A.B. asks: 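To start, I am sharing the structure in question, which I have written as structure tokens.
Fair warning: this is a prediction, and the values are worked out from it, not measured in the lab. For ligands, and for the atoms within them, numbers begin at 1 and follow the listed sequence.
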Amino acid sequence: MKTIIIIPTFNEGKNIPFLIHSLQEQFIGMEHEMHILVVDDNSPDGTAEEVKKLQSRFKNIHLLMGQKAGLGVAYTRGMAYAMENLNADVVFEMDADFSHKPQDVPRLMAEIDKGADFVIGSRYVSGGSIPKEWGFRRRMNSKFGNIVARYLAGIYHVKDCTAGFRAIHTSVLKNIDFSELGVKGYAFQVALLHQALQLKAKIVEIPVDFIDRTAGESKLGIKDIIEFILNAWWIRFNSLKTFLKFAVVGASGVVVNLGFFTLFLMAGLNKYLASPLAIEISIVSNFLLNNFWTFRFRKTKDRVRIRGLKFNAVSFLALGVSYGTFVALSIFFPDVQPQLHQLVGIVPATLLNYFLNSYWTFKQVDED
Ligand code: GDD
Ligand code: MN
């Protein structure tokens, strides 16, 4: 497999020649075709010149130059180049400052060989570690970043979401629209991981020791931290979006229901007939809106007629739950206004309605 180790650099002139040498030593024992791609953002310290010197000695070193626009932008450029120009099967993410040990490269690669799509060199699984010399603040920053990613963005299963040491199969990357990630800095790590999870990539974490850099300095700035938190909120909001649309449709159903009910009464229809008719019309309008708006991207296995019937069945069940709640509350709290009982009943009914429709009526069929 053709494998490209992508190393973004900004002012890493003191590190990059040593790292390249060290990686070359590792490559000797590996059975894959190993390359290095340095993505340098016109570092004023002459990082690129160091790389160019080595390019005349080694054939497997590539250099991509550009304007400094953040870690994520550098990786986006590097990954596109690795896939389009270098025909990569696998790409690595790796820091230039020896925080990631070159000796760990074969270990990450071995997991790809065993069938993983996305291997993370993880500091937070058992056996992994962060530098002992890190003070309270650095520890907290790193822990906090992972807590935000795990619990705000919802990536619960991964222990080290912000790790910058990864091996990724390009079959996953080819299905990601990088222009839609919408991040420029360090938030890229979480945004990319989230996309891989969405694509159901096989993610594996293996323990690594993260070593503190001895030369040069970290480039992580306040802009990166702000973007990081906004990105986590954005991911959370997007996963809520479907539910919000469903709720909007439900609210529109109330208007349709009452509107038709009034119309029927004005037309002289008996109210005991007008009521179920209006209810059914609102169920159908809710179904159509959910079908053509809320869940329009879902590929479902049923025909639209079957989906409509399922939706109807769920609506009746929700009606039962809503009514059951109303009756129960009326018995236990007889002094409270009945409007309140009716209102509370809407909550479990809406949740049930959403989950059954999302996971049954409009269930996405896996495409493979
Ligand atoms: N081309 C380019 N452009 N490279 C950059 C930029 C940029 O804007 N910003 C950082 N880099 C390079 C650095 O030169 C280094 O090789 C690598 O990216 C990591 O940058 P550091 O500045 O050393 O990052 P860190 O040590 O603070 O952060 C590490 O931990 C983070 C959180 O755990 C990295 O591993 C991150 O990837 C990781 O998210
Ligand atoms: Mn670093």
A.B. asks: Less than 3.5 Å between some nitrogen or oxygen of D41 and one of ligand 1, yes or no?
C.D. replies: yes
A.B. asks: Considering only the protein, which heavy-atom contact is closest to atom 35 (O) of ligand 1, and what is its distance?
C.D. replies: D95 OD2, 2.5 Å
A.B. asks: Taking the six-membered ring for Trp, are F295 and Y354 parallel (under 30°), tilted (30 to 60°) or perpendicular (over 60°)?
C.D. replies: parallel
A.B. asks: Closest non-hydrogen protein atom to atom 21 (P) of ligand 1, residue and atom name please, with distance?
C.D. replies: Y186 OH, 3.4 Å
A.B. asks: Heavy atom under 4.0 Å from ligand 1: found in K219's side chain, backbone, both, or neither?
C.D. replies: both
A.B. asks: Out of all atoms in ligand 1, which are within 4.0 Å of some heavy atom of H100? Include the element for each.
C.D. replies: 35 (O)
A.B. asks: Only heavy atoms of T9, strictly under 4.0 Å: list the atoms of ligand 1 that pass.
C.D. replies: 1 (N), 2 (C), 4 (N), 14 (O)
A.B. asks: May I ask you to list the atoms of ligand 1 that are less than 4.0 angstrom from any heavy atom of Q189?
C.D. replies: 37 (O), 39 (O)
A.B. asks: Answer yes or no: are there more than 12 heavy-atom neighbours, outside Q339 itself, under 6.0 Å from its atom CD?
C.D. replies: yes
A.B. asks: Does NZ belonging to K159 count more than 12 external heavy atoms closer than 6.0 Å?
C.D. replies: no
A.B. asks: Examine the proximity of ligand 1 to V39 and report which part, side chain or backbone, both or neither, has a heavy atom under 4.0 Å away.
C.D. replies: backbone
A.B. asks: Any N/O/S of D97 under 2.8 Å from the Mn ion (ligand 2)?
C.D. replies: yes
A.B. asks: Output yes when a side-chain donor or acceptor of T76 lies under 3.5 Å from a complementary backbone atom of G72, and no otherwise.
C.D. replies: yes
A.B. asks: Is R213 near ligand 1, meaning one of its heavy atoms is under 4.0 Å from it?
C.D. replies: yes
A.B. asks: What atoms of ligand 1 come within less than 4.0 Å of a heavy atom belonging to T162?
C.D. replies: 32 (C), 33 (O), 38 (C), 39 (O)
A.B. asks: Do the ring centers of F228 and Y186 come within less than 6.0 Å of each other?
C.D. replies: no
A.B. asks: Quick check with a 6.0 Å cut-off and a 45 degree axis cone: is R123 positioned over the face of F210's six-membered ring?
C.D. replies: yes
A.B. asks: Non-hydrogen atoms of M94 versus ligand 1: any pair closer than 4.0 Å?
C.D. replies: no
A.B. asks: Considering non-hydrogen atoms of the protein only, which is the closest contact for atom 8 (O) of ligand 1, and what is the distance?
C.D. replies: K68 NZ, 2.8 Å
A.B. asks: What do we get for E93 next to ligand 1 when only non-hydrogen atoms under 4.0 Å count, side chain, backbone, both or neither?
C.D. replies: neither
A.B. asks: Would you say A69 and ligand 1 have an N/O pair spaced under 3.5 Å apart?
C.D. replies: no
A.B. asks: One thing to verify: whether K219 and E12 come together as a salt bridge, which I'm taking to mean a side-chain N less than 4.0 angstrom from a carboxylate O.
C.D. replies: yes
A.B. asks: For the residue pair F326 and Y323, does the interplanar ring angle fall in the parallel (under 30°), tilted (30 to 60°) or perpendicular (over 60°) class?
C.D. replies: parallel
A.B. asks: Would you call D41 and R77 a salt bridge, taking side-chain N to carboxylate O under 4.0 Å as the test?
C.D. replies: yes
A.B. asks: Please state which part of A74 comes within less than 4.0 Å of ligand 1, counting heavy atoms only: side chain, backbone, both or neither.
C.D. replies: side chain
A.B. asks: Go through ligand 1 atom by atom and flag the ones less than 4.0 Å from a non-hydrogen atom of S218.
C.D. replies: 22 (O), 25 (P), 27 (O)
A.B. asks: I'd like to know whether CZ of R305 has more than 12 heavy-atom contacts from other residues, nucleotides or ligands below 6.0 angstrom.
C.D. replies: no
A.B. asks: As an exercise, identify every atom of ligand 1 less than 4.0 angstrom from a heavy atom of R123.
C.D. replies: 33 (O)
A.B. asks: May I ask you to check whether S142 has an N/O atom sitting below 3.5 Å from an N/O atom of ligand 1?
C.D. replies: no
A.B. asks: Only heavy atoms count here, so choose which of R138, E217, E12 is nearest to atom 14 (O) of ligand 1.
C.D. replies: E12
A.B. asks: Can you label the angle between the F188 ring and the F178 ring as parallel, tilted or perpendicular, going by 30° and 60°?
C.D. replies: parallel
A.B. asks: Check whether any heavy atom of G70 sits under 4.0 Å from an atom of ligand 1.
C.D. replies: yes
A.B. asks: Of the protein's non-hydrogen atoms, which lies at the shortest distance from atom 18 (O) of ligand 1, and what is that distance?
C.D. replies: L71 CD1, 3.2 Å
